[in-house]
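As structure tokens, the structure follows; a few thoughts come after it.
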There are 2 protein chains.
Amino acid sequence: MTNSENIQNLKPLEEYAQFHKALAEPVRLRILGLLSIEESLCVCEFMDVLDLSQSTVSRHLAYLKNQGIVVSWREGTWMHYAVDKNHPAFDVLQTSLSFLSELEQSKEDRSGLKGFESITKQCHPKT
Amino acid sequence: MTNSENIQNLKPLEEYAQFHKALAEPVRLRILGLLSIEESLCVCEFMDVLDLSQSTVSRHLAYLKNQGIVVSWREGTWMHYAVDKNHPAFDVLQTSLSFLSELEQSKEDRSGLKGFESITKQCHPKT
DNA sequence: ATAGTATATCCGCATTAACAGATATAAGCA
DNA sequence: TGCTTATATCTGTTAATGCGGATATACTAT
């Protein structure tokens, strides 16, 4: 029996690969960079800071939620997202986000978030 | 000026995303799992343990080398590979490999490596 | 019930990436 | 020099994935 015949052992490995795949996109890294300093954010905050369409942001957030990296909850019409501390590989995620926080782009994003908050606490209308 | 207009800041972020992309494939994770316990291995050892073709193993090793995650050197006809401790995100890699080492598949791969060594110290001929 | 706002999902398009076989290249030995 | 062995690269195929616009769904206010 070859080493890879035990399909049962492959599944956790593939899930772990998917975990890294979730972090393998600049957009999702930037989202996580923002979520690591803010308890919760809504989709339009991401839209503004990242300069991306609503559907793009929504899909990436769904991706991260599907991988169990973020949790979400709805308050009225607003969705809130936060990093999930119960993820099996949370230590890896934490180390990854520490490294991410030192990147200039991540600092720039966070500055953009602060600027956002100073203008309004609510989402601005779409234009 | 929007937050993402500073292309100079995006490059390190994209490189970091590529780093995670290198870890986002089960085959490459298994390769790194083996390299984290063996100083150096050659292509046919990977072929045997992973049950993959020579070209597939060679390409994945090239991918990891391109990302600066492994280093390689040639001794005669044999190539040797090792994890690169000088990678900027080595801490992240180390944490990732620690988590990986707890997965059953990784343990199984390492057992397969030991079995390989006990049979022969040299690569067996292709059949 | 309807309109407004926020979010989720679908669609078509374009790009990326993994696979093994075939082939090219490099090093060592007779 | 030619053969053997090890490794790198190319090729065609298949599958996966990101994008924004359009549209569907959910919640709130009137």
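These numbers come from the heavy atoms of this one structure, side chains and all, not from hydrogens, waters or symmetry mates. In the text below, chain A, chain B and the rest are named by the order of the sequence lines, each starting its count at 1.
Nucleotides of DNA chain C nearest to R59(A) and T77(A) differ in position, and the one nearer the 5' end is that of T77(A).
Rounded to a whole Å, the NE2 atom of H20(B) is 21 Å from the P atom of dT16(C).
Test L32(B), L100(B), L97(B) against L23(B) for side-chain contact (heavy atoms from CB on, under 4.5 Å) and you get one pass: L32(B).
Evaluation of atom-type donor-acceptor distances gives a pair under 3.5 Å for the side chain of Q54(B) against the base of dA8(D).
Of the candidate nucleotides dA16(D), dA18(C), dT7(C), dA18(C) has the atom lying nearest to any side-chain atom of E25(B). Side-chain proximity of S55(B) to the nucleotides dT7(D), dG18(D), dT9(D) is greatest for dT9(D). Comparing dA18(C), dC19(D), dT7(C) by their closest approach to the side chain of W78(A) singles out dT7(C).
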- Message: Go through it in stages, so that I can follow the logic: the residues are V92(B) and F19(B), the test is side-chain contact (heavy atoms from CB on, under 4.5 Å), and I'd like the CA-CA distance, side-chain angles, deciding distance and then a yes or no.
- Response: CA-CA 10 Å; V92(B) 182; F19(B) 165 79; 3.9 Å; yes
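V57(A) comes within 4.0 angstrom of nothing in the nucleic acid, heavy atoms only. Contacts of Y81(B) with the nucleic acid, taken as non-hydrogen atoms under 4.0 Å apart, involve only primed sugar atoms and P, OP1 or OP2.
For E14(A), there are no salt bridge (charged side-chain N to carboxylate O under 4.0 Å, His left out) partners at least two apart in sequence or on another chain.
Heavy-atom distances under 4.0 Å link DNA chain D to no residue of residues 61-74 of chain B.
In this structure, L103(B) and N9(A) have side chains that are not in contact, with every pair of non-hydrogen atoms separated by 4.5 Å or more.
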